[in-house]
Protein chains: 2
Amino acid sequence: MTKDRHEPRIHDVAALAGVSVATVSRVMSNPAIVSKAAREAVERAIVETGYRLNVTARNLRQRQVGAVLALVPRLANPFFSQILSGIAEVLSERKLNLLVLDTDGPVLTGRPEALGAWLTRSHADGVIVLDGRLGPELFASVHCPPVVQACEWIAGLDAPRILADNVEGGRLAVRHLAELGHRYIAHLAGPAGNSLSISRRKGVERGFEETGIASEAAELRLSGEFSLRSGNAAAADLLSNHRQATAVFCDSDEMAIGLVHGLAGAGIRVPHDISVVGFDNIEMSAYALPPLTTIRQHRHRIGRKAAETLIALVRQEPCAPETILPVELLVRDSTRAPR
Amino acid sequence: MTKDRHEPRIHDVAALAGVSVATVSRVMSNPAIVSKAAREAVERAIVETGYRLNVTARNLRQRQVGAVLALVPRLANPFFSQILSGIAEVLSERKLNLLVLDTDGPVLTGRPEALGAWLTRSHADGVIVLDGRLGPELFASVHCPPVVQACEWIAGLDAPRILADNVEGGRLAVRHLAELGHRYIAHLAGPAGNSLSISRRKGVERGFEETGIASEAAELRLSGEFSLRSGNAAAADLLSNHRQATAVFCDSDEMAIGLVHGLAGAGIRVPHDISVVGFDNIEMSAYALPPLTTIRQHRHRIGRKAAETLIALVRQEPCAPETILPVELLVRDSTRAPR
DNA sequence: CTGTTAGCGCATTCAG
DNA sequence: CTGAATGCGCTAACAG
């Protein structure tokens, strides 16, 4: 076994098997069209030489990259890992690579144009965007490969969307609280303009209407990001400006957990004094104290669906412009009737 | 990937600029060696044609892949996202792609050999292994590119390791508890044989020796995985088999939070009845109730260092066989003196 | 400093 | 069913 010398190439296999390189190539990609004798000779030669297909060469020849790029807002955020996991699952079934780019990484921050350099057909066969803050013009270039949006979406970007049923989520949360008897419900929303917050807000309002809360109390709005920290910070705001609220619906579990923490610091107990509902059902929410009532979102499934849609798009197969995946209310211990 | 008719190639740029393709190539890779006039002509032509370098072709020519593969045990686990983020940061500075493969993904599970297909020089220029359960033989093939291990490590695999100071972490945790007056300290360890648990165990024992606890009480061991669920399950074990313990050191924050949850279910309060120390300082630990005393591990920095080491390795530059990054004790509210 | 030329390793016509 | 020939788009010698 000579190691430092050439990695064996298709040519070496062909020579050893006594066939042409074309036949070897066929054995690798479509064995059925090769005679049994030739195929077996090639297979033997492959083993003997230790041949491995050079993926780069094949990609060049086939004018493809063999990889899909995922654009995530903050790779360090656990929220996305489940989605990536779903994406990775589908891609690896198709022998496609998953490329990950953190749109909040230091290379990109402050220079959104820099992202343009990555959005090229020579970098990836397709792109899955998980960051709703990016501008649609980034993806408008002719160089940009097909795009699918997942979870969040970008206004003005005409690319298939895979979303949770955010409206329904907001509605379910409010109805649950209303049924418990709450009348003053605050909504701790994500950043202004965020697509998720907007949809959930719509659901919240629908819930208010349906339960007749709108007439009794104006909705209370807080708004931050989706983070633990902002949830925590919202506690002070809630206590000083929205004293009458007996329940809070948060746009993420992280916010909810941060809020519970902040309230505890002020001596306010959940659910005894205030009820809290989250969104996402991150794994931690079941183990929080108190275990969090939340809206379950199938992030893994969203990831899978996004990858499947992108693959269809790349192949120019028809694909739905919007896919809405169902959500469910999970009642745990952070909600109860108001005192 | 169906390309449009003519993505402009280097040849088109050269023709428009009135220079040779070699000159265009030089402008792209090393502008300094080209005359100002030629360079500017090329730059103009690039803009005018909308030319983008074909990365695959360049990679083929340079016999490289332009990507690094990260092998993570469970992509859905938030623990790894920070590490990936650090890796991604360094790689993108170097214009390298980050490829992610979930070693627990359905494509690989049950068939560890399948991973071998990915461990090829044609798939990645290097590999960062974050999964200590993989067998060393996987990386022994001549086809496998350079490897670096981060966080966990594989016995018998001779590849540079980037680790947190796990021994010191275990020691700090025990000393902290001992200083508070605890004498019966349980260690909730990760899976048997896991490299992290072994090192931390060593630190725990050192702590026992230094504080003279060994003589008063045998160490208590529980063992599970690193997950919320296993921490939760350990609560029952602790209460039925290790009643005398007044403190628990857990090998991960997730375990610690799960344990606190499980204890709460049994009416045991932390830190009032039992003190708990975690490991990792995941973001959530500061917002848990009670906020968790833990050992801080700089995961982002570990990721960065791993990527830097791998790049050095690929370039055949010298690199340290082992890098140990410091840890710190963060005292929060889950520990206090025993009653 | 610049152009010419020869591949990188493979997949795919097109004949046979 | 098989083989010979032709690039995929680019970079790196090697001359000029």
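Chain naming here is simple, since letters A, B, ... match the order of the sequence lines and numbering starts at 1 in each.
Listed nucleotides C:dT4, C:dG9, C:dT13 differ in distance to B:A22; the shortest reach to its side chain belongs to C:dT4. Closest to the side chain of B:R26, from the set C:dA11, C:dG3, D:dC10, is C:dG3. For A:R9, the listed nucleotide lying nearest its side chain is C:dC10; candidates were D:dT11, C:dC10, C:dC1.
Salt-bridge formation is detected for the pair A:D104/A:R133: a Lys NZ or Arg NE/NH1/NH2 atom is positioned less than 4.0 Å from an Asp or Glu carboxylate oxygen. By the 4.0 Å N-to-carboxylate-O rule, A:E308 lies close enough to A:R304 to be salt-bridged with it.
Residue B:H300 forms a side-chain hydrogen bond (donor to acceptor under 3.5 Å, both in side chains) with just one option from B:K305, B:Q82, B:E89, and that option is B:E89.
Regarding B:L60, its CG atom lies at a distance of 9 Å from the C1' atom of D:dG9, rounded to whole Å. For A:E7 and C:dG7, the CD to P distance is 20 Å, given to the nearest whole Å. If you measure from atom CG of A:D12 to atom P of C:dC8, you get 11 Å, rounded to the nearest angstrom. One atom, CD1 of A:I33, and another, C1' of C:dA11, lie 11 Å apart when rounded to the nearest Å. The nearest whole Å value for the distance from the CD1 atom in B:I46 to the C1' atom in D:dC10 is 13 Å. A straight line from CZ of A:R39 to C1' of D:dT2 spans 14 Å, rounded to a whole angstrom. What separates CG of B:N59 from C1' of D:dT11 is a distance of 12 Å, to the nearest Å. B:H11 has its NE2 atom 13 Å from the P atom of C:dG3, to the nearest Å.
Between the base of D:dG9 and the side chain of A:R61 there is no donor-acceptor pair shorter than 3.5 Å. Between the side chain of B:R52 and the base of D:dG9, no donor-acceptor pair of N or O atoms lies under 3.5 Å.
The side-chain heavy atoms of A:L134 and A:V129, taken from C-beta on, include a pair separated by under 4.5 Å.
B:T23 comes within 4.0 angstrom of sugar-phosphate atoms only, judged by non-hydrogen atoms across all strands, and of no base. Within 4.0 Å (heavy atoms only), B:V19 reaches sugar-phosphate atoms of the nucleic acid but no base atom.
At D:dA12, one or more side-chain N or O atoms of B:Q62 fall inside 4.0 Å of OP1 or OP2 (strictly under the cut-off). Under 4.0 angstrom from either OP1 or OP2 of C:dT2 there lies at least one side-chain N or O belonging to B:S35.
Cation-pi geometry between B:R9 and B:Y51 is not met at under 6.0 angstrom from the ring centre and within 45 degrees of the axis.
Between B:A37 and B:R63, the residue anchored nearer the 5' end of DNA chain C, judged by the nucleotide with its closest heavy atom, is B:A37. Projected onto DNA chain D by closest heavy-atom contact, B:I10 and A:S20 fall at different nucleotides, the more 5' of which corresponds to A:S20.
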